[in-house]
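For reference, the structure discussed in these notes is given below.
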Amino acid sequence: MASFWLNSVLLVSISGLTAAAILSHQTPDLSKVKVGADATDHAPLELVEMLGQAVIKHAAQVEISEADVNDYLARRLKPASQGRSGRLAKFQRVLLNFDDGHCTAHLCWDVLGHTDVISVQFSIQRKGSEFVVEIERGAYGNLPVSRGFLTPALPAMQEVVRACKPEIDAIFKLPHLRIAKDKLVLDAKF
């Protein structure tokens with residue numbers, strides 16, 4: 001009788017792990033993320049320079065569209081394969097999806113011809129004199145996970161933050177920052 005219960009528990013466990021593996025390798029629908037149309041349509045966004053001018057001139061609100069940010073990130077972040085896994089997996093791009101109060105960063109890789117995506121949803125709030133970035137949840141492909149399960153994605157996220165350090169520092173010099181639907185709203189006035 002114990003054999004039946006043990007086999008049932010093992011079958012359910014293996015079935016759950018198989019379903020999680022399948023969901024994590026499915027590419028999520030990223031069609032709602034806005035991307036810049038064509039670089040020839042408009043002058044490319046120079047984020048650090050624009051933010052520096054906003055701080056100097058104490059300009060009113062500056063709104064940066066989701067498409068402009070994603071276009072900027074596509075030009076700014078050049079994929080570079082490193083290590084042994086570089087032959088199998090190549091970093092493609094980072095896409096940001098702005099929604100009211102939070103942002104979702106989609107980190108995309110080409111793994112043997114298939115696109116794998118890690119999504120991290122975070123919010124930014126000003127507390128005192130500092131901004132606090134809080135990771136809310138995430139997903140591996142179509143498998144939603146709580147923030148505790150995003151630990152394996154930390155090195156990739158830290159590398160993106162390191163690569164975008166000048167832009168992040170420039171944004172956090174501004175006194176007001178708000179994430180709205182499809183745009184980032186910055187205010188240089190104190």
Side-chain angles (χ1 to χ4, degrees), residues 20-21 23-36 39 44-52 64-99 101-127 130-174 177 179 182-184 186:
L23 284 172
S24 68
H25 288 290
Q26 290 178 344
T27 305
D29 180 22
L30 298 176
S31 63
K32 294 178 183 173
V33 178
K34 295 184 177 34
V35 217
L45 173 72
E46 292 303 329
L47 191 62
V48 177
E49 182 179 317
M50 183 187 72
L51 294 174
I64 305 172
S65 74
E66 181 178 300
D68 284 342
V69 171
N70 285 327
D71 181 48
Y72 178 82
L73 288 174
R75 287 184 293 110
R76 174 79 167 81
L77 299 175
K78 302 296 179 201
S81 301
Q82 296 177 344
R84 294 180 185 182
S85 63
R87 293 181 298 230
L88 303 174
K90 293 176 181 36
F91 182 74
Q92 286 180 330
R93 61 187 173 172
V94 174
L95 293 173
L96 296 181
N97 186 10
F98 298 128
D99 209 352
H102 64 266
C103 175
T104 304
H106 303 282
L107 287 73
C108 306
W109 282 273
D110 179 356
V111 180
L112 298 173
H114 174 70
T115 301
D116 278 345
V117 179
I118 295 175
S119 302
V120 179
Q121 182 178 326
F122 61 92
S123 63
I124 302 173
Q125 296 177 349
R126 186 163 189 92
K127 294 197 178 174
E130 296 183 5
F131 283 101
V132 177
V133 178
E134 182 179 352
I135 295 176
E136 297 171 349
R137 64 181 147 270
Y140 293 103
N142 283 331
L143 179 67
V145 295
S146 63
R147 66 183 180 179
F149 288 103
L150 290 171
T151 304
L154 280 177
M157 292 185 292
Q158 289 170 340
E159 190 63 27
V160 169
V161 168
R162 187 194 62 74
C164 295
K165 185 86 170 119
E167 292 84 356
I168 293 170
D169 289 343
I171 287 174
F172 285 167
K173 282 182 184 176
L174 298 172
L177 163 68
I179 301 172
D182 298 333
K183 63 185 171 184
L184 189 60
L186 307 167

Heavy-atom pair of closest approach, residues [X] and [Y]:
X    : Y    : result
A20  : L143 : O-CD2, 3.8 Å
I179 : C103 : CD1-CB, 3.9 Å
D29  : S31  : OD1-OG, 2.8 Å
A89  : V111 : CB-CG2, 3.9 Å
G101 : S123 : O-CB, 3.5 Å

Check whether any side-chain N or O of [X] sits under 3.5 Å from a backbone N or O of [Y] as a donor-acceptor pair, and report yes or no.
X    : Y    : result
H114 : H25  : yes
R162 : M157 : no
R147 : E136 : no

*Taking the six-membered ring for Trp, are F91 and W109 parallel (under 30°), tilted (30 to 60°) or perpendicular (over 60°)?*
perpendicular
Nearest-0.5 Å distance, [atom1] of residue [X] to [atom2] of residue [Y]:
X    : Y    : atom1 : atom2 : result
L73  : C164 : CG    : SG    : 5.5 Å
L96  : E66  : CG    : CD    : 7.5 Å
R75  : N70  : CZ    : CG    : 11.5 Å
I124 : I171 : CD1   : CD1   : 7.5 Å
F122 : T104 : CZ    : OG1   : 8.0 Å
H106 : L30  : NE2   : CG    : 5.5 Å

Going by heavy atoms in the side chains, are [X] and [Y] under 4.5 Å from each other?
X    : Y    : result
V160 : L107 : yes
F172 : E130 : no
I118 : Y140 : yes
Q92  : T115 : yes

*Look at atom CZ of R93 and say whether more than 12 heavy atoms of other residues, nucleotides or ligands are closer to it than 6.0 Å.*
no
*Checking side-chain contact (heavy atoms from CB on, under 4.5 Å) for the pair H102/Q121: CA distance, chi angles, key distance, verdict?*
CA-CA 7 Å; H102 64 266; Q121 182 178 326; 3.2 Å; yes
*Apply the test side-chain contact (heavy atoms from CB on, under 4.5 Å) to residues V145 and L150: give CA-CA distance (whole Å), side-chain angles for both, the deciding distance (0.1 Å), then the verdict.*
CA-CA 7 Å; V145 295; L150 290 171; 3.9 Å; yes
*Begin with the C-alpha distance, continue with both residues' side-chain angles, and end with the deciding distance and a verdict on side-chain contact (heavy atoms from CB on, under 4.5 Å) for I64 and K183.*
CA-CA 6 Å; I64 305 172; K183 63 185 171 184; over 6 Å; no
